[in-house]
Protein chains: 2
Amino acid sequence: MSLVVTGSIGIDTVKTPHGVSENCLGGAAIYFSMAASFFAPVRFVGVVGSDCPFDLAKVFAGRDVDLKGLEIRQQSKTFRWTGTYHEDMDSRTTDSVELNVLAEAPPSVPEEYKDSKFVFLANTAPALQQQLLEQIDKPDFVAVDTMNLWIQNNLNDLKALLKKIDCLIINEDEARMLAIDKNLIRAGGKILGMGPNVIIMKKGESGSIMCNNEDQTFMLPAYPATNVKDPTGAGDSFAGGLMGYLAQTGKTDFDTLKTAVAYGTVTASFTIADFSLGGLTAIGRPDIDSRLETLRELTIF
Amino acid sequence: MSLVVTGSIGIDTVKTPHGVSENCLGGAAIYFSMAASFFAPVRFVGVVGSDCPFDLAKVFAGRDVDLKGLEIRQQSKTFRWTGTYHEDMDSRTTDSVELNVLAEAPPSVPEEYKDSKFVFLANTAPALQQQLLEQIDKPDFVAVDTMNLWIQNNLNDLKALLKKIDCLIINEDEARMLAIDKNLIRAGGKILGMGPNVIIMKKGESGSIMCNNEDQTFMLPAYPATNVKDPTGAGDSFAGGLMGYLAQTGKTDFDTLKTAVAYGTVTASFTIADFSLGGLTAIGRPDIDSRLETLRELTIF
C-alpha cells in the first residue's frame, strides 16, 4: 500500500567519540525513506534550499523512492544541525541548529500523493504536521513523531493533532513529559486517552514499548549493539522500518504492529553502525530479515 | 536440588512518594528466601543482633525455609537501612546505614548446608562472600551479587571471587563500572572474561540482559508495572525467583537460565507492588506462573 513521509532534509555535522562527520546528509525524511524503501515504495515530501549539496535522485537511485514531493526552494537555505554524542552514545547535545527553510511555509503534497494510505509525519511543529495531513484524502494509518520543544511550547496544537492520528511514536522522556507521569506504562495509557489508538515509546538502547487502546501491550528490547558509531537517524530509521513493513503488508492489527516494531528495531540497528546513511546503504533486505530472526531468538523463552 | 543463601537481614525504613514504611523487615537474604521459597526449599544463612524485633520463624511459617543458619548474636545490633525513593521510583538515596552486626565476623554455614548445590551470595564485601563460599563443599552453581562500593574499594577481592563463581548478577551501572565500558553488551563480555560463565545485568524498569561465555545472549523487558509502591528488594527477589527455579529444575543450561530470568522478573514484579514483604506474602506460585505466561505474550512477535 502507498506510503508517504513528510519531514526534514538536513546538512548534519555529527561529533561522536568515534569521529566527526561534517556536512553529511541527514534529516528525518531521509533516514525514514531509506529505511522504509527496503519494504515498500516511498513517496517523499521535503524541502531544501538552493545551497543543498546533495543530489537526492542519486542518493535514492535504485530504490523505489518517489521524489516528486521534493521542493528545491530558491533564495532559501537548507536546514543544518550540529550535534555531539556523549560517551554513552545514548545522550547528545545539540551544538547548533539553523532552521532556514524549515522555518518557512512547508512544502506541498503533490496531487499524485493524496491517495496515500500510510502516512508518517516526521517531527516538526504540530500545526505544520496538521497542514500536511490535511492534504491527504483518506489515510488508513497516520503515525506521528514529535519532541519536547512542541510539548513545552505548542501543546494545544499537539493535542489537536493527536485527535486526528492513529499512532504516536515518541521517546520515553517525551512520553513522560506529555503525560505528566513518571511511570512509562501509565504515561502511555494517558497519551492514548488524548486520541491515538497506538503509542510506541522508544527507550534507546533499552528498546521500546507499544500499547494500544484495547489494553494490549508489546515490549521489545533493542538489538544488542557493540558497534555504535553514530546514533543519528535511529528514531527515523525505526519509524521507516516500522511503517515500511505496515505498508508492505497493508495491515495494522496488533500482531502485524508487533512485527513492524521488530522490523523498525533491527533496521535502526544498522543505521547506528555507521555515520549518516552508511549503515543502511551497506545492507539489503535479507540482512534485515536475518537480524529479525536473531532478535526473535534473543528474546524468546 | 539444595539451595543456600547468605546475606543481610535488615530493619528498613523506606520513604517513597506513596508513603513511609518504618522499621520494617528487609535485607537481601530475607527477600531472596521469600522469593525462592515459591520454587524450592531454601537454606538460610544470616545474622541479627539481640535487638531484632522480627521472629523469622513466624515470617517464614508454612514455607520451606530452613533457619538453622540464622544466628542471633548477643551484644550486637541488627543492620539498619533508611532510604528514600525519588519520583521516578527507579533511583533512590540512602539516608543512613548502620552496618552493626554486618561489620563483624560473618555467620558460619551449618554443617548440614555444606552439601548445597545452588548457592547465592547476596551483596556484601567480596572477601566475606569468599569466606562463605569456602564453607560449601562442591557447589554446582554459584551466583553472586555485588555493588559499586566493592568495585571501587575492594576490586582485587572481587576479581579473586569472580574466578570462583558461575554467575554474576549485577546492576547495569555497576557492570559498566566494573568493565570500564559504557556499552553494556561489551561490558558484559569483558566481565565474562574475568571468570564467571554467565552474567545477568539488571536494568530496573527496562528489564535485564544475560550473556554467557558461549556467546549466547538473552534480553527480557521488565514486567510492565503501573503500581510501584516500593522497589526495595526487587533485585534480591529477582535473584530468588531465578535461583529458586534453577534449584527446582536442577539444570543450568542456557534455555533453563532464560526461563529462570523470566521467573526472577515476574517474582520481583510482585515485590515492588507493596512495602517490605507485603507483595510476596500476598501471592502463591500460580500467580507467578500466570504472570510468566503474560510476560511471554507481551514479548513474543
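Order of the sequence lines sets the chain letters (A, B, ...), proteins ahead of strands, with each chain counted from 1. What you see is a predicted model, and the numbers here were worked out from it, not measured in a lab.
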Heavy-atom contact with chain A under 4.5 Å, split by part of B:Ala225 | backbone
Separation between CD1 (A:Ile300) and CZ (B:Phe301), nearest 0.5 Å, reads 8.0 Å
Can you pull every donor-acceptor pair closer than 3.5 Å across chain A and chain B?
unit_1: A:Arg176; atom_1: NH2; unit_2: B:Glu205; atom_2: OE2; d: 2.8
unit_1: A:Asn183; atom_1: ND2; unit_2: B:Ala225; atom_2: O; d: 2.8
unit_1: A:Arg186; atom_1: NH1; unit_2: B:Thr226; atom_2: O; d: 2.6
unit_1: A:Lys203; atom_1: NZ; unit_2: B:Glu205; atom_2: OE2; d: 3.3
unit_1: A:Lys203; atom_1: NZ; unit_2: B:Ser206; atom_2: OG; d: 3.0
unit_1: A:Glu205; atom_1: OE2; unit_2: B:Arg176; atom_2: NH2; d: 2.8
unit_1: A:Glu205; atom_1: OE2; unit_2: B:Lys203; atom_2: NZ; d: 3.4
unit_1: A:Ser206; atom_1: OG; unit_2: B:Lys203; atom_2: NZ; d: 3.0
unit_1: A:Met219; atom_1: N; unit_2: B:Leu298; atom_2: O; d: 2.9
unit_1: A:Ala225; atom_1: O; unit_2: B:Asn183; atom_2: ND2; d: 2.8
unit_1: A:Thr226; atom_1: O; unit_2: B:Arg186; atom_2: NH1; d: 2.6
unit_1: A:Lys258; atom_1: NZ; unit_2: B:Glu297; atom_2: O; d: 3.3
unit_1: A:Lys258; atom_1: NZ; unit_2: B:Ile300; atom_2: O; d: 3.4
unit_1: A:Arg296; atom_1: NH1; unit_2: B:Phe301; atom_2: O; d: 2.4
unit_1: A:Glu297; atom_1: O; unit_2: B:Lys258; atom_2: NZ; d: 3.3
unit_1: A:Leu298; atom_1: O; unit_2: B:Met219; atom_2: N; d: 2.9
unit_1: A:Ile300; atom_1: O; unit_2: B:Lys258; atom_2: NZ; d: 3.4
unit_1: A:Phe301; atom_1: O; unit_2: B:Arg296; atom_2: NH1; d: 2.3

In terms of heavy-atom pairs under 4.5 Å, which option from B:Val228, B:Ile185, B:Leu292 contacts chain A the most?
-> B:Ile185
Kindly give the heavy-atom pair with the smallest separation between A:Met219 and B:Ala222, and that separation in Å.
-> CE-O, 3.2 Å
Between atom CG of A:Leu220 and atom CG of B:Leu220, what is the distance when rounded to the nearest 0.5 Å?
-> 11.0 Å
